[in-house]
Amino acid sequence: MVRDPFAEDDTPELETVLDALDDEDCRSIVSVLDEPMTASRISEESGVPLSTTYRKLELLTESSLLYEGVEVRSDGQHASRYAIDFEEVVIALDEERAFAVDISHRARSPDQRLENLWSEVRKET
C-alpha cells in the first residue's frame, strides 16, 4: 500500500506505530533494510515467511516507518521496493496530556520522488 505523497496529514495513529514497533517480525524486517529491497528479498534476509512479510510490510508502511517505492522493470512487471523511512520516532504527551507520535522522516532522493510520481500515475491507469 503506497502512502499518498500529497496527503495533508499522513501522521499514523499511535496504536499503529506501537503495534509495528512491538512486533518481532517487523523489527526483523527493519533490521535487514540497509538498502531498498523487494518483499521476497526481505523475506529471505529476515527469515520471515513471505506471506507474513507482506502483512508486516503493510503494517510498517501504514506506520510511516517504511517507504514503498516502485522498481521499474523493462519487462513491465514492476515490483514494490521497501526502504526505511524514518530517522526518529518520538512518543510524547500533547497539550491535552494525550500520547502523540511524531516521526522524523528521511529526505526523499530524486529517485524516490520519481517513484512517488510513478505510483500516482499507476493508480490513475
Side-chain angles (χ1 to χ4, degrees):
M1 174 183 176
V2 177
R3 274 195 342 255
D4 183 356
F6 306 110
E8 291 293 319
D9 181 20
D10 64 350
T11 303
E13 295 291 323
L14 173 66
E15 293 81 14
T16 305
V17 175
L18 292 176
D19 287 346
L21 294 173
D22 188 44
D23 187 283
E24 185 177 343
D25 289 334
C26 287
R27 292 191 308 270
S28 294
I29 288 169
V30 169
S31 72
V32 301
L33 279 171
D34 54 356
E35 64 181 359
M37 296 182 195
T38 61
S40 59
R41 182 156 172 230
I42 291 169
S43 176
E44 291 171 14
E45 298 279 331
S46 67
V48 176
L50 187 58
S51 60
T52 302
T53 297
Y54 281 112
R55 288 194 316 273
K56 302 306 178 176
L57 289 172
E58 184 173 344
L59 175 58
L60 287 162
T61 303
E62 288 175 4
S63 303
S64 296
L65 300 175
L66 291 188
Y67 165 81
E68 181 182 1
V70 177
E71 179 180 292
V72 178
R73 296 178 177 168
S74 59
D75 64 2
Q77 299 297 317
H78 310 309
S80 291
R81 291 187 326 160
Y82 300 88
I84 294 174
D85 194 30
F86 69 97
E87 293 289 336
E88 180 178 63
V89 176
V90 176
I91 299 170
L93 291 173
D94 64 14
E95 296 81 27
E96 289 86 36
R97 311 269 314 147
F99 285 103
V101 64
D102 182 42
I103 299 176
S104 299
H105 292 282
R106 294 180 172 186
R108 296 276 164 87
S109 70
D111 287 343
Q112 288 173 324
R113 291 193 304 268
L114 184 58
E115 286 175 351
N116 276 345
L117 186 59
W118 178 251
S119 294
E120 290 302 309
V121 168
R122 285 182 54 204
K123 285 182 196 175
E124 298 295 322
T125 59

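Just so it is clear, the structure is predicted and the values come from calculations on it, not from any experiment.
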Keeping the roles fixed (side chain from Thr61, backbone from Leu57), state whether a donor-acceptor pair exists under 3.5 Å. yes
Between Ser46 (side chain only) and Val48 (backbone N and O only), is there a donor and an acceptor less than 3.5 Å apart? yes
List the steps, then state whether side-chain contact (heavy atoms from CB on, under 4.5 Å) holds for Ile84 with Tyr67. CA-CA 6 Å; Ile84 294 174; Tyr67 165 81; over 6 Å; no
Nearest-0.5 Å distance that lies between atom [atom1] in [X] and atom [atom2] in [Y]:
{"X": "Glu58", "Y": "Tyr82", "atom1": "CD", "atom2": "OH", "value": "8.5 Å"}
{"X": "Ile29", "Y": "Leu66", "atom1": "CD1", "atom2": "CG", "value": "7.5 Å"}
{"X": "Leu60", "Y": "Ile42", "atom1": "CG", "atom2": "CD1", "value": "9.0 Å"}
{"X": "Thr38", "Y": "Glu44", "atom1": "OG1", "atom2": "CD", "value": "7.5 Å"}

Taking all non-hydrogen atoms of both residues, which atom of [X] and which atom of [Y] are closest, and how far apart?
{"X": "Ser64", "Y": "His105", "value": "O-CE1, 3.2 Å"}
{"X": "Met37", "Y": "Val32", "value": "CE-O, 2.9 Å"}
{"X": "Thr53", "Y": "Ala39", "value": "CG2-O, 3.8 Å"}
{"X": "Ala83", "Y": "Pro36", "value": "CB-CG, 4.1 Å"}

Would Val89 end up clustered with Phe99 when hydrophobic side chains under 4.5 Å apart are linked, directly or stepwise? yes
So if you build clusters from Ile, Leu, Val, Met, Phe, Trp, Tyr with side-chain heavy-atom gaps below 4.5 Å, do Val90 and Val17 land together? no
Hydrophobic clusters join Ile, Leu, Val, Met, Phe, Trp and Tyr when side-chain heavy atoms are under 4.5 Å apart, directly or via other members; which others share one with Tyr54? Leu50
Please report the C-alpha distance between Leu65 and Val30 in whole Å, then the side-chain angles of each, then the deciding distance to 0.1 Å, and finally whether the side-chain contact (heavy atoms from CB on, under 4.5 Å) criterion is met. CA-CA 9 Å; Leu65 300 175; Val30 169; 5.5 Å; no
Could you name each residue pair satisfying side chain to side chain donor-acceptor pair (under 3.5 Å) that touches residues 87-101, not counting sequence neighbours? Glu87-Arg106
Test: side chain to side chain donor-acceptor pair (under 3.5 Å). Region: residues 12-30. Which pairs qualify, not counting sequence neighbours? Asp23-Lys56
